[in-house]
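Report on the following structure.
Keep in mind the model is a prediction, meaning the values are calculated, not measured.
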2 protein chains.
Amino acid sequence: MSDLRPRSFVSAQMVAEKAGVSRSAVSRTFTDGASVSEPTRRKVLAAASALGYHVNHLARVLRERSSIVCLVVADMTTPIRATMVDVLTRKLQAAGKITMVINTETDTESVSSALRQTLNYRADATVVLSGTPPAALIETCLANGQRVVLINRDDQLVGSHNLGVDNAMASVEALYLLRRAGCQRLGVITSTAGTASLVQRERAFVAAAEAAGLQVTVTSTGPTSYASGFESARRVFGRSQAPDGVFCVTDLLALGFMDAARHEFGRRIPDDLCIIGFDDIEQASWESYKLTTFAQPLTAMATHVVDLLLDPDTAGSERRLFEPVPVWRKSVRPNAS
Amino acid sequence: MSDLRPRSFVSAQMVAEKAGVSRSAVSRTFTDGASVSEPTRRKVLAAASALGYHVNHLARVLRERSSIVCLVVADMTTPIRATMVDVLTRKLQAAGKITMVINTETDTESVSSALRQTLNYRADATVVLSGTPPAALIETCLANGQRVVLINRDDQLVGSHNLGVDNAMASVEALYLLRRAGCQRLGVITSTAGTASLVQRERAFVAAAEAAGLQVTVTSTGPTSYASGFESARRVFGRSQAPDGVFCVTDLLALGFMDAARHEFGRRIPDDLCIIGFDDIEQASWESYKLTTFAQPLTAMATHVVDLLLDPDTAGSERRLFEPVPVWRKSVRPNAS
DNA sequence: TTGAACATTGCACTTGTGTGCACTGGTTTT
DNA sequence: AAAACCAGTGCACACAAGTGCAATGTTCAA
């Protein structure tokens, strides 16, 4: 235990001096497949562990790829986002990547500065979970040899990899479930965020309903949150013609809506009111809610992301759609009452 | 738009050639306070934006500090953890740091390998939110000039910065609230995780109760989750002497417990049963729960973390305790009925 | 015994930065 | 007019790694 704290990190040079070998020998000891004799190898390892040496991966980056992946994300406290980040970091780590999380707002300016950070740190790839980066900046990332993966953003940006969930499919299924339950007055609950996925879900539901000759009232309130769902219910049930079946474009909205409907307006679920959500966050399965919803196949999506990053040929610009899987619980009647 | 994609990133050298100046001029253009004339500065900036140049922060690290902070965390999907990560990344970014998230398990081996990653990437500092790293490894980090900050870990490890919440204070306050509500049979609900914070909350509550001459039954089930709280309720209400006032060491446990008590055993809250939680996750405020609980002052804690990292003198080894703030809602009767 | 094959090892170069130092050319001071 | 100063610029080095190439040493077979 030497008492003098080195100001900076231990370098391979110091290890070499302590072990009485050249710096190359140290380098080779920590490189797989390099040619080192057993005695020197042992000397180096002994010196390294005595000094507390660790290879500087950042210096390595000057010659090779960095194996850094940037995750651009907003609203991380949201359960669905937290789960996405969790699954992605897990998978990326398992693939030998290290994750830099950039916590941003959804506005273009914030996302842009996040993308620039990405370039500053020579990330191999950028995964965008929130917000929409400007095309020009994505172009710059690609020109610098970076991979760009957009998740649940609808933008068909050239060169970037796109993946998302088949929102329309879920909307159609939701409509089917509500009709089978005998719901007469349908509603869609969404936020004013205007995110592509949410708009798709809303539009597809309305379109499918109109195709079946049914009217739908759309209610949009504030950000995509529990509170907004709650507020939407207040608006909806204040009106004369209250719905008896709603599709909430997000579980958080659904849970807020359900709570207000129950506790402020005395609706029984599913008897008086059927509710369907989207995302299958953990809370949707809680005893107080038992929400029927659609799960995003997050593990499959994360696996696909690392496949994209590991794949050597840079064939971007294709959009991969994943099927949401329906999760039947108790917030929708099984059939017409 | 040149069609030939450069294999690697644009370097300062290329910008210098295009602008017809020396590489030093490029470097100085992007360094605050360096001496460059306005004409060359403009030429450099023009060339840089034409080529899509971004300063390589990784190469910069070879000379100075990296301004990388590693966040070691497990169970990121848990609302309280997600919020912690969110608040910390925000604050760190605002302070000009970049965050690497290492998603780990809580066992010592996983945490150790996470710490080694930290060293490999020359992080300025490591913030540990989960698990307990071995003292030897922390010693190595410190010896390499890294800051180590442990949050809500009880270990008094030499040289590392410690911060946490005053668990005992909350426990005493919880006992007071339950007694004032007239609860006769008290219980503590915890998990089998054995995390220091949770053990402290349990012990302090039991000690305070015994000091007041009251008996407490402790129930421990599985991991620290909603499901475990639910399961605990089943056990507790299966026995003859069911409690009428419980302190759950975590909001998740509390919400699970509450749901089971209500829906499986018909308890009315707070009339038949008073419940107090800890953490003040968002769900605790939802209409179905209205849980009385204690909030961790996360913003203050995060601010303190960045203060520690920015502070030049490395005075570690002091433990800073933050006061949990009580959040009164509706899961405890205001006074004896 | 000798030559060849082979395993180690060190030198020197590469990667992209920031910066100390020396040099230049122009402006101000004495 | 000479001296002092000063802004601007480029050279060269340092940082921490990996690796091609050549030199060294060892072993083995002819």
Side-chain angles (χ1 to χ4, degrees), chain A residues 6-45 47-48 51-68 98 119-124 144-146, chain B residues 6-45 47-48 51-68 98 119-124 144-146:
Chain A
R7 220 100 219 71
S8 89
F9 283 81
V10 178
S11 73
Q13 181 63 47
M14 305 184 201
V15 177
E17 281 163 16
K18 179 160 185 106
V21 298
S22 80
R23 202 187 54 70
S24 309
V26 178
S27 192
R28 284 190 240 267
T29 303
F30 291 99
T31 311
D32 280 353
S35 163
V36 208
S37 72
E38 196 50 34
T40 43
R41 179 190 186 72
R42 269 205 302 274
K43 274 193 290 183
V44 169
L45 286 179
L51 292 173
Y53 169 74
H54 288 80
V55 176
N56 186 340
H57 284 195
L58 264 32
R60 203 180 247 170
V61 169
L62 294 183
R63 319 190 87 254
E64 310 156 31
R65 303 204 64 74
S66 71
S67 74
I68 293 176
I98 185 96
L119 290 168
N120 282 335
Y121 281 96
R122 291 315 189 242
D124 279 358
N144 275 311
Q146 239 186 34
Chain B
R7 219 95 221 76
S8 91
F9 283 80
V10 179
S11 74
Q13 181 63 47
M14 304 184 201
V15 178
E17 280 163 14
K18 180 161 185 106
V21 298
S22 80
R23 200 185 55 71
S24 310
V26 178
S27 191
R28 283 190 241 269
T29 303
F30 292 100
T31 310
D32 279 353
S35 163
V36 209
S37 72
E38 196 50 37
T40 44
R41 178 189 187 71
R42 269 206 301 275
K43 273 192 291 181
V44 168
L45 286 180
L51 292 173
Y53 169 73
H54 288 80
V55 176
N56 186 341
H57 284 196
L58 264 31
R60 205 181 243 171
V61 169
L62 294 182
R63 321 191 81 257
E64 311 155 29
R65 305 204 63 76
S66 70
S67 72
I68 293 175
I98 184 98
L119 289 168
N120 283 333
Y121 281 95
R122 290 317 188 241
D124 278 358
N144 275 309
Q146 235 184 39

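To the nearest 0.5 Å, atoms NE2 (B:His54) and CZ (A:Arg122) are separated by 8.5 Å. Rounding to the nearest 0.5 angstrom, the gap separating the CG atom in B:Asn144 from the OH atom in A:Tyr53 is 11.0 Å. The line from OG of A:Ser37 to CZ of A:Arg42 is 9.0 Å long, rounded to the nearest 0.5 Å. Note that CG of B:Leu58 is 5.0 Å distant from CD1 of A:Ile68, once rounded to the nearest 0.5 Å. Here the straight-line distance linking atom CG of A:Leu119 with atom NE2 of B:His57 works out to 10.5 Å at 0.5 Å rounding. Remark: B:Arg60 CZ to B:Thr31 OG1 distance equals 6.5 Å, nearest 0.5 Å.
Residues that satisfy the side chain to side chain contact (heavy atoms under 4.5 Å, CB included) test with B:Ser67, not counting sequence neighbours, are A:Tyr121, B:Lys97, B:Asp124.
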Summary of protein contacts for nucleotides 16-26 of chain C, nucleotide by nucleotide, where a base hit scores B, a sugar-phosphate-only hit scores S (4.0 Å, heavy atoms): BBBBB------
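Taken residue by residue, residues 36-43 of chain A places heavy atoms nearer than 4.0 Å to DNA chain C at A:Val36, A:Ser37, A:Thr40.
B:Phe9 and A:Ala123 make their closest contact through CZ-O, 3.8 Å (heavy atoms, listed as atom of the first residue, atom of the second, distance).
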Distance-only donor-acceptor hits, side chain of residues 14-27 of chain B, under 3.5 Å, sequence neighbours excluded:
{"unit_1": "B:Glu17", "atom_1": "OE2", "unit_2": "B:Gln13", "atom_2": "NE2", "d": "3.1"}
{"unit_1": "B:Ser22", "atom_1": "OG", "unit_2": "B:Ser24", "atom_2": "N", "d": "3.3"}
{"unit_1": "B:Ser22", "atom_1": "OG", "unit_2": "B:Ala25", "atom_2": "N", "d": "3.4"}

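Of all nucleotides in DNA chain D having an atom under 4.0 Å from a heavy atom of chain A, the first and last in 5' to 3' order are D:dA16 to D:dG20.
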Intermediate values then yes/no, side-chain contact (heavy atoms from CB on, under 4.5 Å), B:Leu62 and A:Asn56: CA-CA 9 Å; B:Leu62 294 182; A:Asn56 186 340; 4.3 Å; yes
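For the helix from C:dT1-D:dA30 to C:dT30-D:dA1, the axis fitted to the five pairs at one end and the axis fitted to the five pairs at the other end meet at an angle of 50° (nearest 10 degrees).
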